[in-house]
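All residue numbers refer to positions in the sequence shown, counting from 1. One-based numbering, in listed order, for ligands and for the atoms of each.
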Amino acid sequence: MRAPRILVTGGAGFIGSHTCVALIAAGYLPVVLDTLVNSDARSLQRVACITGVEPVLVCGDVRDAVALDRVFAAYNVAAVVHLAGLKAVGESVADPVSYYDVNLAGTLALVQAMDRAGVRRLVFSSSATVYGDSQPSPIAESAPYAAVNPYGRTKAMVESVLADLARADARWGIACLRYFNPIGAHESGLLGERPHGPPNNLMPYIAQVAAGQRECLVVHGADYDTVDGTGVRDYVHVMDVAEGHVSALRHAARRPGILMANLGTGRGASVLEVVSAFERASGRRIALRIGPRRPGDAPAYWADARGAWQAFGWRARRDLDQMCADSWRWQAANPHGFDDPAPAHASGLPRFQDNTSTSINSKPGHSHA
Ligand code: NAD
Ligand code: UDP
């Protein structure tokens with residue numbers, strides 16, 4: 001029997017590429033739709049090094065109805081994991097219209113195309129940002145929407161659209177996964193996060209300081225009412241997050257309706273605790289200095305992670321030490337990200353490419369790799 005194909009929008013990105021690994025390990029074949037605006041097609045070659053299967057890449061935009069129709073016509077897609085989107089909070093404040101366009105209009109175009117194709121199983125990448133910055137922790141899924149920036153509002157709006165859709169049409173099965181702070185890398189050291197330019201987020205910044213690529217970490221505030229004065233977040237291993245998509249997909253396939261689920265560990269860690277864990281994992285000292293608070297930062301929040309366990313049997317299995325060890329393995333082996341050559345036949349697995357279709361993009365100049 002052929003493996004079911006899953007359309008993974010944004011599948012070349014950080015979480016998407018790890019999700020492809022988890023899907024393949026679970027017996028699915030990912031078909032990736034991505035503009036590569038914030039990613040690198042070579043991430044999918046690394047997926048192949050790890051799994052022996054290179055996902056098909058369709059270079060196309062999730063807002064492009066014609067491209068979507070062609071994907072659904074060319075591949076016998078069983079379900080969709082929708083990760084494509086823009087995710088920088090500061091950029092969303094400066095350019096909100098682009099965020100509503102890609103994140104909200106992109107999802108509308110996608111669900112319309114899914115409906116035309118009769119594919120009504122969807123896992124959506126949402127975010128803990130839908131809760132805003134004033135909910136008491138641990139934050140359960142029942143907490144109200146209170147996003148404080150355009151990025152978070154796009155995620156809350158998409159969730160509301162999907163909830164209305166599931167209420168209106170019982171044929172849909174949808175899971176919205178609210179990620180807390182995904183970090184880490186695949187344990188092979190072959191796949192990880194490679195931000196364009198200086199990292200905004202804590203973990204890639206620490207990794208680059210450890211590697212000598214940046215001078216020192218600036219800690220954004222050490223006067224919060226937390227264990228050591230620095231900000232506290234619920235960091236969750238990206239492979240745990242990736243595997244959460246597989247569990248949620250199975251749930252959505254069995255159960256019509258919509259489910260919102262936090263993906264977090266249920267534990268918070270401060271900036272200084274992450275730094276210490278990274279020093280242990282890497283054997284390097286992380287130079288740091290205390291700077292002012294970052295505007296808009298919440299002092300501390302973490303997930304109530306019980307909902308995903310109760311609904312579809314997922315919980316995070318990897319701890320902060322493993323997140324740091326895997327980030328460091330990736331950083332140390334790939335100081336230039338995907339520009340560093342992957343070891344040939346890294347996994348020893350035969351490579352298989354699911355190349356059953358020719359070009360299906362609607363716009364000239366887009367290639368089908
Ligand atoms: P990423 O930028 O690495 O991945 C997003 C992918 O979407 C990229 O490959 C990008 O090229 C692609 N993309 C962007 N616009 C597109 C479009 N119009 N059409 C097709 N592809 C497009 O980011 P990520 O960290 O992997 O995040 C994936 C998803 O998870 C996003 O929706 C993000 O909002 C959400 N999320 C991420 C985090 C996090 O901390 N990384 C937290 C919560 C939610
Ligand atoms: N942080 C920091 N220095 C950095 C980047 C982040 O001190 O260079 C802190 C930030 O203030 C927050 C935590 O690390 O308390 C996590 O920040 P990140 O941007 O990774 O996640 P988010 O704030 O979006 O949850």
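Closest protein heavy atom to atom 18 (N) of ligand 1: D61 OD1, 3.0 Å. Given atom 5 (C) of ligand 1, the protein heavy atom at minimum distance is G85 O, 3.9 Å. Here the protein heavy atom with the shortest distance to atom 24 (P) of ligand 1 is K87 NZ, 3.7 Å. In this structure, the protein non-hydrogen atom closest to atom 18 (P) of ligand 2 is N201 ND2, 3.5 Å. When only non-hydrogen protein atoms are considered, atom 19 (N) of ligand 1 lies nearest to V62 N, 3.0 Å. In terms of protein heavy atoms, atom 40 (O) of ligand 1 is closest to P182 CD, 3.3 Å. At the shortest separation from atom 15 (O) of ligand 2 among protein heavy atoms lies G231 CA, 3.5 Å. The protein heavy-atom contact nearest to atom 3 (N) of ligand 2 is V218 O, 2.8 Å. Of the protein's non-hydrogen atoms, Y179 CE1, 3.2 Å is the one closest to atom 30 (O) of ligand 1. Looking at atom 4 (O) of ligand 1, its nearest protein heavy atom turns out to be G13 CA, 3.7 Å. Remark: minimum distance from atom 2 (O) of ligand 1 to any protein heavy atom is reached at N38 ND2, 2.7 Å. Protein heavy atom at the shortest distance from atom 19 (O) of ligand 2 is R294 NH2, 2.9 Å. From the protein, the heavy atom lying nearest to atom 13 (C) of ligand 2 is Y235 OH, 3.5 Å.
For D297, every heavy-atom contact with ligand 2 shorter than 4.0 Å involves the side chain, none the backbone. Only the side chain of N181 comes within contact range of ligand 2, with a heavy atom under 4.0 Å; no backbone atom does. Within the 4.0 Å heavy-atom criterion, both parts of D34, backbone and side chain, lie near ligand 1. At a 4.0 Å heavy-atom cut-off, ligand 1 touches S126 through the backbone alone. When non-hydrogen atoms are compared, ligand 2 lies under 4.0 Å from neither the backbone nor the side chain of Y224. If you look at V89 next to ligand 2, there are no close heavy atoms at all, none under 4.0 Å. Neither the backbone nor the side chain of E193 comes within 4.0 Å of ligand 1, counting heavy atoms alone. Under 4.0 angstrom from ligand 2, there are no non-hydrogen atoms of F180.
When side chains are defined from C-beta on, R194 does not count as touching F14, because their heavy atoms never get closer than 4.5 Å.
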Starting from the C-alpha separation in whole Å, work towards a yes-or-no answer on side-chain contact (heavy atoms from CB on, under 4.5 Å) for V53 and Y28. CA-CA 10 Å; V53 177; Y28 298 99; over 6 Å; no

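Residues Y179 and H245 bring their aromatic ring centres within 6.0 Å. Aromatic ring centres of F338 and W330: separated by under 6.0 Å.
In this structure, of G60, G10, S17, the residue bringing a heavy atom nearest to atom 20 (C) of ligand 1 is G60. Ranked by closest heavy atom to atom 8 (O) of ligand 2, the top entry among R214, H220, K87 is H220. One option in L110, I183, V81, I15 has a heavy atom closer to atom 26 (O) of ligand 1 than any other, and that option is I15. Considering each of L36, L68, V37, the one bringing a non-hydrogen atom nearest atom 14 (C) of ligand 1 is V37. Distances from atom 29 (C) of ligand 1 to the heavy atoms of L83, L263, T35, N103 put L83 nearest.
Checked for salt-bridge contact, D69 and R116 meet the test: a charged N lies under 4.0 Å from a carboxylate O. The pair R70-D64 does not meet the salt-bridge criterion, since no charged nitrogen lies less than 4.0 angstrom from a carboxylate oxygen. Taking a cutoff of 4.0 Å between a charged side-chain nitrogen and a carboxylate oxygen, R293 and D223 qualify as a salt bridge.
For CG of N76, the number of neighbouring non-hydrogen atoms (other residues, nucleotides, ligands) closer than 6.0 Å is 12 at most. Counting non-hydrogen atoms of neighbouring residues, nucleotides and ligands closer than 6.0 angstrom, the CZ atom of R318 exceeds 12 such neighbours. For D225, the CG atom is loosely surrounded, since the number of other residues' heavy atoms within 6.0 Å does not exceed 12. Counting heavy atoms of neighbouring residues, nucleotides and ligands inside a 6.0 Å radius, atom CD of E187 does not exceed 12 of them. Within a 6.0 Å radius of CZ in R306, no more than 12 heavy atoms belonging to other residues, nucleotides or ligands are found.
Each of the following atoms of ligand 1 lies closer than 4.0 Å to a heavy atom of F14: 3 (O), 25 (O), 26 (O). Ligand-side atoms of ligand 1 in range of V102: 15 (N), 18 (N), range being under 4.0 angstrom from any heavy atom. Distances below 4.0 Å separate heavy atoms of Y301 from the following atoms of ligand 2: 25 (O). Counting atoms of ligand 2 from 1 in the listed order, those under 4.0 Å from a heavy atom of N200 are 5 (C), 19 (O). Counting atoms of ligand 1 from 1 in the listed order, those under 4.0 Å from a heavy atom of Y151 are 33 (C), 34 (O), 35 (C), 36 (N), 43 (C), 44 (C).
Under a 4.5 Å side-chain heavy-atom cut-off, the cluster of Ile, Leu, Val, Met, Phe, Trp and Tyr residues that includes L320 is completed by I183, L202, M203, Y205, I206, V209, L217, V219, Y235, V271, L272, V274, V275, F278, I286, L288, I290, M323, W328.
Between V219 and ligand 2, no N or O atom pair is found at a separation short of 3.5 Å. Below 3.5 Å of separation, one finds no N or O of V271 facing any N or O of ligand 2. The shortest N or O to N or O distance between L86 and ligand 1 is not below 3.5 Å. Considering both main-chain and side-chain atoms, Y205 never comes within under 3.5 Å of ligand 2 through any nitrogen or oxygen pair.
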